[in-house]
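To start, the structure under review is shown below, and the notes come after it.
Values reported hereafter were calculated over all heavy atoms of this structure, with side chains retained and with hydrogens, waters and symmetry mates removed.
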Amino acid sequence: QLQLVESGGGSVQPGGSLRLSCSASGLTLKNYGIGWFRQVPGKEREGVSCISSLSSGGDPATYPDSVKGRFTISRDNAKTTVYLEMNSLKPEDTGTYYCAAHDKSRGEYYHCSGNILNPSHFGSWGQGTQVIVSS
């Protein structure tokens with residue numbers, strides 16, 4: 001099971017930007033579908049973005065309408081880090097952000113699809129990084 005580590009969270013004013021990173025101790029993530037989720041206390045974990053494993057096309061996908069056009073997921077060239085670029089941040093983006101790797105029992109490769117990102121498709125999770133958007 002992968003040990004994922006998120007970084008890059010922090011406190012920003014509305015309209016600001018943050019770039020979150022997800023890595024696995026230098027291991028390549030190219031064969032994993034990687035999802036970004038967020039959670040606030042009292043609410044269910046919400047999928048915000050996903051990038052398919054490279055063998056499945058490496059396609060990115062963004063899910064809730066509330067973040068489309070503002071959040072972008074990408075991989076670095078070495079395929080060891082997945083980023084979530086978040087722009088035009090709003091107070092409602094506040095929460096703990098988690099990255100997760102798809103559960104290999106569901107298949108060797110993963111293609112992000114559908115209208116929602118299902119947490120049950122992912123088997124390895126990071127500890128989360130907090131994002132606070134406030135004036």
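Contacts of K68 classified as salt bridge (charged side-chain N to carboxylate O under 4.0 Å, His left out), with partners at least two apart in sequence or in another chain: D65. Checked against salt bridge (charged side-chain N to carboxylate O under 4.0 Å, His left out), R70 has the following partners two or more places apart in sequence or in another chain: D93. Partners of E108 by salt bridge (charged side-chain N to carboxylate O under 4.0 Å, His left out), not counting sequence neighbours, listed by chain and number: K104. When the ring pair (Phe, Tyr, Trp, His ring centres under 6.0 Å) test is applied to H121, the partners found at least two apart in sequence or on another chain are Y110.
A heavy-atom distance below 4.5 Å is not found between the side chains of T81 and R75. No side-chain heavy atom of S66 sits less than 4.5 Å from a side-chain heavy atom of E92. Q39 places none of its side-chain heavy atoms less than 4.5 Å from the side chain of Y97. Contact check for I73 versus V82: side-chain heavy atoms found under the 4.5 Å cut-off.
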Run Y109 and K30 through side chain to side chain contact (heavy atoms under 4.5 Å, CB included) and show every step you take.
CA-CA 9 Å; Y109 305 110; K30 69 178 182 179; over 6 Å; no

Report, one line per pair, each donor and acceptor closer than 3.5 Å where one atom sits in a side chain of residues 123-135; sequence neighbours left out.
{"residue": "S124", "atom": "OG", "partner": "L2", "partner atom": "N", "Å": "3.3"}
{"residue": "W125", "atom": "NE1", "partner": "F122", "partner atom": "O", "Å": "3.3"}
{"residue": "T129", "atom": "OG1", "partner": "G9", "partner atom": "N", "Å": "3.1"}

Side-chain donor-acceptor distances from residues 12-19 under 3.5 Å, at least two apart:
{"residue": "S17", "atom": "OG", "partner": "N87", "partner atom": "OD1", "Å": "2.9"}

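Hydrophobic clustering, defined by side-chain heavy atoms of Ile, Leu, Val, Met, Phe, Trp and Tyr closer than 4.5 Å, leaves I116 isolated from every other such residue.
Within a 6.0 Å sphere centred on CG of N115, heavy atoms belonging to other residues, nucleotides or ligands number 12 at most.
Applying the salt bridge (Lys or Arg N to Asp or Glu O under 4.0 Å) rule to pairs touching residues 118-135 yields nothing, sequence neighbours excluded. Counting only residues at least two apart or on different chains, no salt bridge (Lys or Arg N to Asp or Glu O under 4.0 Å) pair has a member in residues 54-63. Pairs engaging residues 45-70 under the ring-ring contact (aromatic ring centres under 6.0 Å, His included) rule: none recorded [sequence neighbours left out]. Applying the salt bridge (Lys or Arg N to Asp or Glu O under 4.0 Å) rule to pairs touching residues 126-135 yields nothing, sequence neighbours excluded. A disulfide (SG to SG under 2.5 Å) check over residues 105-135, counting only residues at least two apart or in different chains, returns the pairs C50-C112.
The NZ atom of K43 sits 9.0 Å away from the CZ atom of R38 when rounded to the nearest 0.5 Å. Rounding to the nearest 0.5 Å gives a distance of 13.0 Å between OG1 of T62 and CH2 of W36. From S7, atom OG reaches atom OH of Y83 across 8.5 Å, with rounding to the nearest 0.5 Å.
Judged by the 6.0 Å distance and 45° axis criteria, R45 is positioned over the aromatic ring of Y98.
Listed for the E6 side chain is a donor-acceptor partner under 3.5 Å among the backbone atoms of C99.
Both L29 and V48 sit in one connected hydrophobic cluster of ILVMFWY residues. Membership requires side-chain heavy atoms under 4.5 Å apart, directly or through other members. Cluster annotation: L4 and L20 are assigned to the same hydrophobic cluster (Ile/Leu/Val/Met/Phe/Trp/Tyr, side-chain heavy-atom contacts under 4.5 Å, transitive). In the hydrophobic cluster analysis, where Ile, Leu, Val, Met, Phe, Trp and Tyr join through side-chain heavy atoms closer than 4.5 angstrom, L84 is grouped together with V67.
When every heavy atom of P91 is checked against every heavy atom of T94, the shortest pair comes out as O-OG1, 2.9 Å.
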